[in-house]
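Indexing begins at 1, ligand by ligand and atom by atom, following the structure's order. Just so you know, these numbers come straight off a predicted model, no measurement behind them.
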Amino acid sequence: MNFLITGAAGFLGASLANSLVRDGHQVRGLDDLSTGDPQAIDKSVHFTRGDVSDRPKLWTLLQNVDCVYHLAARVSVPESILYPREYNTVNVGGTVSLMEAMRDVGVRRVVFISSGAIYGKQVRQPLKETVRPFPDSPYAVSKLSSETYVRTIGELWGIETVSLRVFNAYGPGQNLPPSHPPVIPNFIKQSVRNGSIIIHSSGEQTRDYVYVDDVVRAMVAAATAPSIDGEVINVGSGTETNVRDLARLIVEITGSSAEIIYNPRASSGIDRMCADLSLAGEKLGYSPRSMLEEGLQLTIRQDTRFSNA
Ligand code: NAD
């Protein structure tokens with residue numbers, strides 16, 4: 001098959017692109033390299049640097065494409081609170097531009113990578129796709145409105161659409177920015193350096209951490225799965241882990257003497273997050289394969305930033 005991946009030089013985009021070319025597909029990648037790293041992509045991916053809102057570029061890239069994976073986005077919740085307009089422009093505007101270009105060219109299917117963040121604070125766990133979302137950041141709003149645009153424009157113009165609500169993905173090559181880094185690579189970095197791991201609040205807050213290979217398998221399945229038009233589907237591990245246990249596990253695996261420090265005044269965000277995976281099982285034949293401990297070991301071993309530390 002012929003694929004276009006937006007955000008192809010990012011953490012999830014590069015893993016997906018590399019997996020698809022290994023399976024013999026033709027893959028084009030688009031990324032503006034605002035955070036992505038082109039070195040992470042296999043040489044046989046046809047890579048173009050550019051903005052996801054550049055419709056003339058999209059018209060060219062979309063020729064003869066069977067399925068588009070849309071991952072290009074700004075991805076930081078705290079940054080989105082500071083710059084909501086930017087998040088609306090890139091995440092929502094980029095999605096609408098892409099859908100318009102897909103309509104113009106006549107592409108059959110798009111797989112949009114949404115986020116578990118759209119659920120916000122919910123008492124009942126695990127989270128089913130049918131619960132009413134309560135996004136609590138501009139990032140989450142941008143993902144929820146993109147889901148709605150994707151489904152609506154798709155329905156109007158006969159493009160098959162599916163949105164995957166990915167929970168907290170982790171694995172080798174995850175972007176590690178200096179401010180507000182994602183929790184797993186940040187804890188690993190501190191741990192391998194025997195530094196300090198700082199936990200916001202009590203560490204009782206839970207998240208659903210899903211290994212990158214599992215996310216890639218769900219994304220691959222979404223390109224060809226039948227009867228998924230218009231669906232939104234959770235992709236997670238289905239397991240709830242609190243941040244305190246996560247930190248302890250990382251310290252144990254790395255054999256580190258890192259100190260775990262609690263900052264009770266820092267906000268811990270949403271209390272609980274865990275994906276219900278029934279629909280993913282039914283529609284994509286998905287079930288997660290990597291347990292957290294194994295996924296962390298693979299991350300530490302395969303990511304040279306940690307294995308060479
Ligand atoms: P990432 O930052 O590594 O990847 C995003 C990529 O998009 C980067 O390579 C960046 O350069 C590119 N990009 C940003 N703005 C662009 C623009 N205007 N035009 C073209 N490219 C642009 O993040 P990731 O973790 O790989 O996330 C990929 C997608 O998955 C995002 O849409 C994100 O919202 C979603 N997602 C990620 C997670 C996770 O835990 N990693 C969870 C839920 C959803």
Please lay out, stage by stage, how E79 and R74 fare under the test salt bridge (charged side-chain N to carboxylate O under 4.0 Å, His left out). CA-CA 9 Å; E79 192 187 61; R74 307 295 299 253; 3.2 Å; yes

Which residue pairs pass the ring pair (Phe, Tyr, Trp, His ring centres under 6.0 Å) test when at least one of the two sits in residues 202-228, sequence neighbours left out? Y170-Y211

E160 side chain vs A223 backbone, donor-acceptor pair below 3.5 Å: no

Going by chain and number, the hydrophobic cluster around V92 (ILVMFWY, side chain to side chain under 4.5 Å) further includes L4, L30, L58, W59, L61, L62, V65, V68, V96, L98, M99, M102, V105, V107, V110, F112, Y149, V150, I153, L156, W157, I159

Keeping to residues at least two apart or across chains, list the side-chain hydrogen bond (donor to acceptor under 3.5 Å, both in side chains) pairs with something in residues 12-32. D32-S34

Is a donor on one side and an acceptor on the other found under 3.5 Å between the side chain of E240 and the backbone of T206? no

Show the protein residues that qualify under the rule heavy atom under 4.0 Å from an atom of ligand 1, listing them in chain and number order. G7, A9, G10, F11, L12, D31, D32, L33, S34, T35, G36, G50, D51, V52, L71, A72, A73, V75, V90, I113, S114, S115, Y139, K143, V166, F167, N168, A169

